[in-house]
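The basis for the numbers below is simple: all heavy atoms, side chains too, and nothing from hydrogens, waters or symmetry mates.
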Amino acid sequence: MGQTSDVVIIGAGIMGCSAAFHLSQRGLDVTVLEKDTVGAGGTGRSSAIIRQHYSNELTARMAVHSLRVFENFADVVGAECGFRRTGWVALASEGDKAGLESNVAFQQGLGINTRLAGLEELREMVPGVSTSQVAGVAYEPDSGYADPHLTVNGYADAARRHGAKILVNRCVTSVRMAADKVVGVEAGGDVYNAPVVLNCAGPWGRNVARMVGADVPIESCRVQVAVFRRPPQYTAHPVVMDFIQGAYLRPETGNLTLVGSIDPAEANAIVDPDDYPEHGEDQFVAEMAEMFVKRCPPMDQSESTTAYASLYDVTPDWHPIVDEVPEGSGSFICSGFSGHGYKLAPAIGVMVADLITGAETPEFPADLFRAERFATGDLVRGRYEYSIAG
């Protein structure tokens, strides 16, 4: 007969664990099945940047909500997430200056603590920074980063306290259907019965969707991160999103800085999520080092310490799919976050719980992320050229 739950969630990354927490908190019997260990996929290697710089009202509100959760994680979730408020800075070129300014005004209208900053203030925030080609600066003093391992395990532990079962080393091999309705899944030779199945498989999301006869445009893309040790005299810096060069700089403890790409071309690095190089390439490290030094010349004295690769689950418009697919089947998908997932995960958990329980007035309606938008051409668009930022 197998085990029976109200909801089976496939994937114990940040989305699956946040959803499990919110669903179990509402009294549902939840089982999470993970092919590896909690956070072993993209979550565990996330740079875990937390910002509110979004250009759609929904995603901006979600970012605000999520920041508040990260700030108060111990009270809201009952665990530690390692949040560090470093501030967040965006650098834009002359061509994007007007868009940056209008977007900051838009965000201020939503109550986000953000503002424009001058070049002199930028130099104070990022010692030794080069302002070459910088025409616009946005600054969020409340933002920063957190620890992805602490966060995902915090959600998992909180879900367990509410009765959820999180089973690792359980690779789902099929989703069972009867009369076009989900009735459960098979994993590791065992049957797990449930009228609702939630696909939070991230880079494996497309493969899982095919188990219910759905084809969703989610590609598994390899992304890299280079890690540098700053010179001893160089103080900590805020998170910097350099949209001019297409790179981000994220401080880390131990006088380290993580440097990664925000170039949309990363979507071209499609890989098999079960078989891809997890080490960083020398060429990538050299490119990131060049960008790092170009933006912060004192970093020519920094040292490369390591580089690694992870996975994004990327859709054509760099926004997720959160929907019931096929409609009326009880099969839900929450994947395709394109590198935005970690920072939005607290709000996504609420969105998914409202969607699955049929809340009449959902706090974060999922319509913007419906699957059919790709067929109708109604894609999610940003307000400016660097819409990869959301």
Side-chain angles (χ1 to χ4, degrees), residues 42-43 45-55 63 67 70 83-93 96 100 103 114 117 122 125-126 128-134 136-148 221-230 234 236-253 256-267 269 280 284-296 299 302 304-312 314 318 337-344 382 384-390:
T43 294
R45 294 192 169 197
S46 171
S47 292
I49 293 170
I50 298 168
R51 60 171 170 88
Q52 302 163 91
H53 194 80
Y54 283 87
S55 64
L67 172 62
F70 285 119
F83 175 68
R84 292 177 178 270
R85 182 179 289 105
T86 62
W88 179 92
V89 177
L91 310 181
S93 65
D96 285 321
L100 183 79
N103 202 50
T114 183
L122 174 63
M125 290 188 288
V126 187
V129 68
S130 167
T131 57
S132 174
Q133 297 183 292
V134 177
V137 180
Y139 175 51
E140 295 176 9
D142 296 338
S143 297
Y145 70 92
D147 184 309
C221 300
R222 178 174 178 264
V223 295
Q224 299 181 68
V225 178
V227 183
F228 299 92
R229 178 170 289 108
R230 301 188 298 271
Y234 194 91
H237 59 82
V239 176
V240 178
M241 301 292 278
D242 186 347
F243 291 109
I244 302 166
Q245 296 194 92
Y248 68 81
L249 314 175
R250 202 218 81 174
E252 179 57 276
T253 55
L256 301 176
T257 293
L258 279 57
V259 184
S261 173
I262 50 175
D263 186 342
E266 286 192 312
F284 175 81
V285 173
E287 291 172 354
M288 294 301 104
E290 182 179 354
M291 289 184 182
F292 193 16
V293 172
K294 186 175 180 181
R295 184 55 64 201
C296 299
M299 291 303 102
S302 64
S304 173
T305 63
T306 188
Y308 57 90
S310 185
L311 298 172
Y312 281 173
V314 179
W318 291 77
F337 283 87
S338 309
H340 299 278
Y342 179 88
K343 61 185 64 62
L344 298 178
Y384 36 76
E385 290 302 316
Y386 48 90
S387 57
I388 182 176

Intermediate values then yes/no, ring-ring contact (aromatic ring centres under 6.0 Å, His included), Y342 and Y145: CA-CA 10 Å; Y342 179 88; Y145 70 92; 10.0 Å; no
Determine the interplanar angle of the F228 and F292 rings, folded into 0 to 90°, and report it as parallel if under 30°, tilted if 30 to 60°, perpendicular if over 60°. tilted
Side-chain heavy atoms of L258 within contact of Y308, under 4.5 Å: yes
Can you tell if the side chain of V126 reaches within under 4.5 Å of the side chain of P238, non-hydrogen atoms only? yes
With rounding to the nearest 0.5 Å, note down the distance linking CZ in R84 to CZ in F70. 15.0 Å
L91 and L122: CA distance, side-chain angles, deciding distance, side chain to side chain contact (heavy atoms under 4.5 Å, CB included) verdict: CA-CA 9 Å; L91 310 181; L122 174 63; 3.8 Å; yes
Identify the heavy atoms of G144 and T86 that sit nearest to each other, and give their distance. CA-OG1, 3.4 Å
Where do Y139 and G87 come nearest, in terms of heavy atoms and distance? CE1-CA, 4.2 Å
Return yes if some donor-acceptor pair links the side-chain N/O of R295 with the main-chain N/O of S132 below 3.5 Å, else return no. yes
Contact check, side chains of I50 and W88, non-hydrogen atoms, under 4.5 Å: no
Hey, is the main chain of H53 close enough, under 3.5 Å, to the side chain of E140 for a donor-acceptor pair? yes
If every non-hydrogen atom of S310 is compared with every non-hydrogen atom of G42, which pair is closest and at what distance? OG-CA, 3.7 Å
With rounding to the nearest 0.5 angstrom, report the CG to OG distance, L311 to S46. 12.0 Å
Find out whether R230 and P251 are in side-chain contact, i.e. whether some heavy atom of one side chain is under 4.5 Å from a heavy atom of the other. yes
Is any side-chain heavy atom of M291 closer than 4.5 Å to a side-chain heavy atom of D242? no
Does A309 offer a backbone N or O that forms a donor-acceptor pair with the side chain of R45 under 3.5 Å? yes
Counting distance only, does the side-chain N/O of Q133 pair as donor-acceptor with the main-chain N or O of I244 below 3.5 Å? no
Chi angles and distances behind the side chain to side chain contact (heavy atoms under 4.5 Å, CB included) call for H340, R51: CA-CA 10 Å; H340 299 278; R51 60 171 170 88; 3.4 Å; yes
What's the separation between atom OH in Y234 and atom OG in S302, rounded to the nearest 0.5 Å? 10.0 Å
Any idea which heavy atoms bring L100 and G136 closest together, and the distance? CD2-C, 3.4 Å
We want to know whether T305 and R229 form a side-chain donor-acceptor pair, criterion being a heavy-atom distance below 3.5 angstrom. no
When rounded to the nearest 0.5 Å, the distance separating NZ of K294 from OG of S130 is 8.5 Å
Any side-chain heavy atom of V239 within less than 4.5 Å of one from V89? no
Sidechain-backbone polar pair: R250 side chain, I49 backbone, donor-acceptor under 3.5 Å: no
Is the backbone of S143 close enough, under 3.5 Å, to the side chain of R85 for a donor and an acceptor to pair up by distance? no
From S47 atom OG to E252 atom CD, the distance as rounded to the nearest 0.5 Å: 9.5 Å
Taking the side chain as every heavy atom from C-beta outward, state whether V259 and F284 have any atom pair closer than 4.5 Å. no
Taking the side chain as everything from C-beta on, heavy atoms only, tell me whether H237 gets closer than 4.5 Å to T257. yes
